[in-house]
Amino acid sequence: MVWTWRFEKADGTETSPAVEPEEFTTQGDAESWIGEVWKELLDGGAEQVTLFEDDTQIYVMSLRAAAES
């Protein structure tokens, strides 16, 4: 299993991330990483991220909502 993130603008189109991601071996590792860099990603133009396990979409998360919390 490989866990990866896709970085998207508010309209859902894919964008290049401000911080280069890696492939993660666990969901927890992927989520920890996004928790550490989400502000940089948001500042770099990503509005939301989608988590995948291999080719299966797990969920979509707004980075803007995290900033408003």
Side-chain angles (χ1 to χ4, degrees):
M1 279 188 281
V2 176
W3 297 82
T4 56
W5 291 102
R6 182 175 67 203
F7 308 90
E8 303 165 350
K9 298 178 183 178
D11 64 3
T13 58
E14 194 166 358
T15 188
S16 296
V19 179
E20 198 59 38
E22 56 189 88
E23 292 183 341
F24 303 94
T25 56
T26 68
Q27 182 175 355
D29 287 346
E31 290 171 338
S32 291
W33 180 84
I34 206 78
E36 294 171 6
V37 300
W38 70 268
K39 289 179 185 177
E40 294 169 76
L41 294 169
L42 183 60
D43 290 345
E47 295 276 332
Q48 63 187 26
V49 292
T50 303
L51 180 62
F52 288 88
E53 178 185 12
D54 296 323
D55 293 330
T56 303
Q57 179 178 319
I58 304 303
Y59 63 81
V60 177
M61 179 177 68
S62 169
L63 298 177
R64 182 75 50 203
E68 295 169 357
S69 298

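None of these values were measured; they are calculated from a predicted model. What you see below is based on every heavy atom in this structure, not just the backbone, and it leaves out hydrogens, waters and symmetry mates.
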Engineer: Mind checking what makes side-chain contact (heavy atoms from CB on, under 4.5 Å) contact with Asp54, not counting sequence neighbours?
Structural biologist: Met1, Val2
Engineer: Can I get a per-line list of side-chain donor-acceptor pairs under 3.5 Å for residues 20-35, giving both atom names and the distance, sequence neighbours left out?
Structural biologist:
from	atom 1	to	atom 2	distance (Å)
Thr26	OG1	Asp29	N	3.0
Thr26	OG1	Asp29	OD2	3.2
Gln27	NE2	Glu31	OE2	2.9
Glu31	OE2	Tyr59	OH	2.7
Ser32	OG	Gly28	O	3.0

Engineer: Is it possible for you to say whether Trp5 and Phe52 belong to one hydrophobic cluster, with membership spreading through side-chain heavy-atom contacts below 4.5 Å?
Structural biologist: no
Engineer: In terms of hydrophobic clustering (I, L, V, M, F, W, Y; side-chain heavy atoms under 4.5 Å; direct or indirect links), are Leu41 and Met61 co-clustered?
Structural biologist: yes
Engineer: With hydrophobic residues grouped by side-chain heavy-atom distances under 4.5 Å, do Ile58 and Leu63 end up in a single group?
Structural biologist: yes
Engineer: Of all the heavy-atom pairs spanning Gly44 and Ala18, show the shortest one and how long it is.
Structural biologist: CA-CB, 3.8 Å
Engineer: Output every pair passing salt bridge (charged side-chain N to carboxylate O under 4.0 Å, His left out) with a member in residues 8-19, not counting sequence neighbours, ordered by first then second residue.
Structural biologist: Arg6-Glu8
Engineer: Mind jotting down which residue pairs meet the salt bridge (charged side-chain N to carboxylate O under 4.0 Å, His left out) criterion with at least one end in residues 38-50? Sequence neighbours excluded, please.
Structural biologist: Glu47-Arg64
